[in-house]
Amino acid sequence: MNKKIFLILSLVVFVFGFLLLDTLNAEYIINLFSLFLHKQLNIEFWKIGLYQTGLELILFSSLALLFILFYNTFPKQVLLISFSGIILFFLGSVLYYSVNIPINTPGNDDYWVFLNFLNHYSSTKNIGEIFNQFDDQREIFRRLMAVILFNLNAFNFKTIIFFANICLIGIVCLFYKSISLSGWHKDFLFLILIIIVFQFQYYDATLWASAGTAAVCGFFFTFSCFYFLSKPSRYFALALLFPLLYITINIVGFVTVLIGSIMLLQMKNKKGFLIWIATSLLVFILYFHNFTVDKEHHFSFVAQELSFNKLQECLMYSFIFLGSSMQLFHTTSLPIGVGILLWFFFLFLSYKKYFLKNSPIYFSLLFLLSVSLLIPICREEKSLQTPLAIRYSLFSIMAICCSILSIAELISTEQRKKYFYTILSIALIYHLSANIFFLPEAVIRKEKLIIMIDNFKQTEKLKPVSCDLNQPVNETTILRQSIEKKFYKIPE
């Protein structure tokens, strides 16, 4: 009876997926929701997400039908096809959208991190400029990347974005390598993590050059550091390299260094700890040599007195930051609840000494919680809407994935099957909802950038359209100089 019900449900979902691919059907569904909500919905906006949802419903229902009809006869073949199909589909989607949605156009910090720097470098050809301070950090990694592309006559924001998405795939691979379960348990858990990670809720971090290199590459370097620290000593040099790379992107890399030293102490690796501390101190001295902190810099706020009210704000900011991936309706209530749960769960993991079972996951979660507190302490944020920024949702997703993985490793084998099916159901609903809500935003953002560039072609002035681009004051001058120096070509 259950098999028949699942068969019918899978067929219904399969047909519904095909219906969503048709424009008229999608418009009909959107109009129905407009009547139900007593609010006119933007048909063109929602059609984008519904189309992607239709494709994925067809995929998921097809695999469900494959399981129902053939698993008992060909179990190994069905599992291989199912896992391979989902992995290839999502990897293909990441690469496809990282190539097709971004355009070779700067946004936000891109003007300063890349274009403004290259404007100076193209005149001086002084490679030493990559070490110069920018705001509250040194942009060595990203500037070096820009210089390499510049000298290859291949500078393009899409190339940088593609690199960030490769790092995202690297993060997923590290999750797989870090799972201590074996057999189908490991594969099934990995499948769930893929469904959670590969969606558009944090599109800024995967479709915007400076945000992608800061968030995605940064966490990839951190995760890699903890993963290789947990391995035999021959991997120690590689483990030490990754936090140093992160430092050259963002000053937050020093948090990775600090947690790495804690991890070495926990592992009772005295020799490694001494080398780690000595190298870190040397890097710290070099990094902050001739380093200035002006009142405009973010980290100037750290010197101010931290009042009780400020500490309350920091905690609230941390909760929202950690739960920001649950802001489907752009409200703070659910993110706050999720953030609180993540903090309490981390304390539970500490009580259970989970760091002895899976140190890369435990210390990655510690890093994410630390970052959620560091940002509000070091920046005088005036609104609790700030941690809801799309680019921060990547950190929230990673914290949730670490938690899901650790629960799976702590519960018994008997409990695990029910847990997997429950989490898989929630993951599918969340994944599809995130795509419906946020894929259209990513596509609309691209269209608005195209409008902005078209305005520039006509007027030679940037007129930001109504989207969250927040360009710096001198963006028009920076863009003009980049085009005149011929290392940046404006999209056709």
Side-chain angles (χ1 to χ4, degrees), residues 79 82-95 98 164-202 205-206 212 215-231 235 238-239 242-243 246 256 259-260 263 322 325 338 342 345-346 349 354-369 371 393-411 416 419-420 422-424 426-428 430-431 434:
L79 284 173
S82 300
F83 282 97
S84 300
I86 289 179
I87 291 171
L88 290 174
F89 176 84
F90 283 116
L91 288 180
S93 294
V94 169
L95 297 176
S98 68
N165 281 275
I166 293 298
C167 287
L168 181 64
I169 295 173
I171 291 171
V172 171
C173 293
L174 286 170
F175 270 121
Y176 181 76
K177 297 292 289 183
S178 299
I179 297 172
S180 63
L181 305 177
S182 59
W184 76 269
H185 293 271
K186 180 172 185 173
D187 295 335
F188 204 96
L189 179 56
F190 181 59
L191 179 67
I192 293 171
L193 296 180
I194 282 180
I195 292 171
I196 295 173
V197 171
F198 290 145
Q199 39 86 9
F200 293 94
Q201 209 276 337
Y202 52 90
T206 55
V216 181
C217 299
F219 184 70
F220 171 69
F221 292 155
T222 292
F223 200 170
S224 298
C225 167
F226 301 150
Y227 174 77
F228 286 111
L229 269 184
S230 68
K231 298 300 173 184
Y235 294 104
L238 192 57
F242 281 110
Y246 192 7
T256 305
I259 296 175
M263 187 173 174
L322 291 170
S325 60
V338 173
L342 286 170
F345 182 67
F346 176 76
L349 290 179
Y354 181 68
F355 48 81
L356 297 176
K357 185 176 183 64
N358 195 329
S359 55
I361 297 300
Y362 176 85
F363 287 105
S364 291
L365 185 56
L366 174 59
F367 166 81
L368 294 164
L369 267 62
V371 170
S393 297
L394 172 81
F395 297 103
S396 172
I397 287 290
M398 296 305 154
I400 290 170
C401 285
C402 288
S403 302
I404 290 172
L405 191 158
S406 56
I407 292 173
E409 293 183 343
L410 289 173
I411 60 179
R416 203 171 287 145
Y419 172 72
F420 280 164
T422 302
I423 294 299
L424 177 62
I426 295 171
L428 287 171
Y430 172 77
H431 174 93

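- Side-chain contact check for Ser359 versus Leu229: every heavy-atom pair is 4.5 Å or farther apart.
- In this structure, Pro360 and Met263 approach most closely via the heavy-atom pair N-CE, 4.4 Å.
- What you find for Tyr430 and Ile196 is that their closest heavy atoms are CE2-O, 4.5 Å.
- With hydrogens and angles ignored, the 3.5 Å screen pairs a side-chain donor or acceptor of His431 with a backbone N or O of Ile195.
- Under the 30°/60° scheme for interplanar angles, the aromatic rings of Phe363 and Phe226 are found to be tilted.
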Should Tyr362 and Phe346 be marked as a ring pair (Phe, Tyr, Trp, His ring centres under 6.0 Å) after you check the CA-CA gap, both sets of side-chain angles, and the distance that decides it?
CA-CA 8 Å; Tyr362 176 85; Phe346 176 76; 5.0 Å; yes
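- Counting heavy atoms from C-beta on, the side chains of Ile192 and Phe420 come closer than 4.5 Å.
- By the side-chain hydrogen bond (donor to acceptor under 3.5 Å, both in side chains) test, Ser393 is found to be paired with Gln201, residues two or more places apart in sequence or in another chain being considered.
- Across all their heavy atoms, Leu349 and Ser406 have their closest contact at CD1-OG, 3.8 Å.
- Across Ser403 and Leu365, no two heavy atoms sit closer than the pair OG-CD2, 4.2 Å.
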Given the rule in the ring pair (Phe, Tyr, Trp, His ring centres under 6.0 Å) test, do Tyr246 and Phe221 qualify, once you have shown the distances and angles that lead to the verdict?
CA-CA 6 Å; Tyr246 192 7; Phe221 292 155; 7.0 Å; no
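- The two residues Leu394 and Ala205 make their nearest non-hydrogen contact at CB-CB, 4.3 Å.
- Taking CD1 of Ile404 as the start and CZ of Phe345 as the end, the distance is 9.5 Å to the nearest 0.5 Å.
- Note that CD1 of Ile397 and CZ of Phe219 are 11.5 Å apart. Values are rounded to the nearest 0.5 Å.
- Taking CD1 of Ile171 as the start and OG of Ser178 as the end, the distance is 11.5 Å to the nearest 0.5 Å.
- The two residues Leu174 and Ser224 come nearest to each other via the heavy atoms CD1-OG, 3.3 Å.
- Relative orientation of the Phe242 and Phe220 rings is perpendicular, given thresholds of 30° and 60° on the angle between their planes.
- Between atom CG of residue Leu79 and atom CG of residue Leu191 there is a gap of 10.5 Å, rounded to the nearest 0.5 Å.
- A distance-only check finds no donor-acceptor pair linking the side chain of His185 to the backbone of Arg416 [under 3.5 Å].
- In the model, Thr222 has a side-chain atom that pairs as donor or acceptor with a side-chain atom of Thr256 under 3.5 Å.
- For Phe190, the ring pair (Phe, Tyr, Trp, His ring centres under 6.0 Å) partners are Tyr176, not counting sequence neighbours.
- Between Leu322 and Val338 the shortest side-chain heavy-atom distance does not fall below 4.5 Å.
- Interatomic distance, Met398 CE to Tyr202 OH, rounded to the nearest 0.5 Å: 5.0 Å.
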For Leu366 and Phe355, what are the C-alpha separation, side-chain angles and deciding distance, and is it a side-chain contact (heavy atoms from CB on, under 4.5 Å)?
CA-CA 10 Å; Leu366 174 59; Phe355 48 81; over 6 Å; no
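- Taking the centre of each ring, Phe175 and Phe223 come in below the 6.0 Å mark.
- Taking OG of Ser180 as the reference point, atom CG of Leu405 lies at 7.5 Å (rounded to 0.5 Å).
- A distance-only check finds no donor-acceptor pair linking the side chain of Asn165 to the backbone of Ser98 [under 3.5 Å].
- With hydrogens and angles disregarded, no donor-acceptor distance shorter than 3.5 Å links the side chain of Glu409 to the backbone of Asn358.
- Within a 6.0 Å sphere centred on NZ of Lys186, other residues, nucleotides and ligands contribute more than 12 heavy atoms.
- A 4.5 Å side-chain heavy-atom check between Ile361 and Tyr354 finds at least one atom pair inside the cut-off.
- Residues Val172 and Leu193 have side chains not in contact (no heavy-atom distance under 4.5 Å, counting atoms from C-beta outward).
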Tabulate below the donor-acceptor pairs under 3.5 Å that side-chain atoms of residues 85-95 make, not counting sequence neighbours, or state none.
residue : atom : partner : partner atom : Å
Ser93   : OG   : Phe89   : O            : 2.9

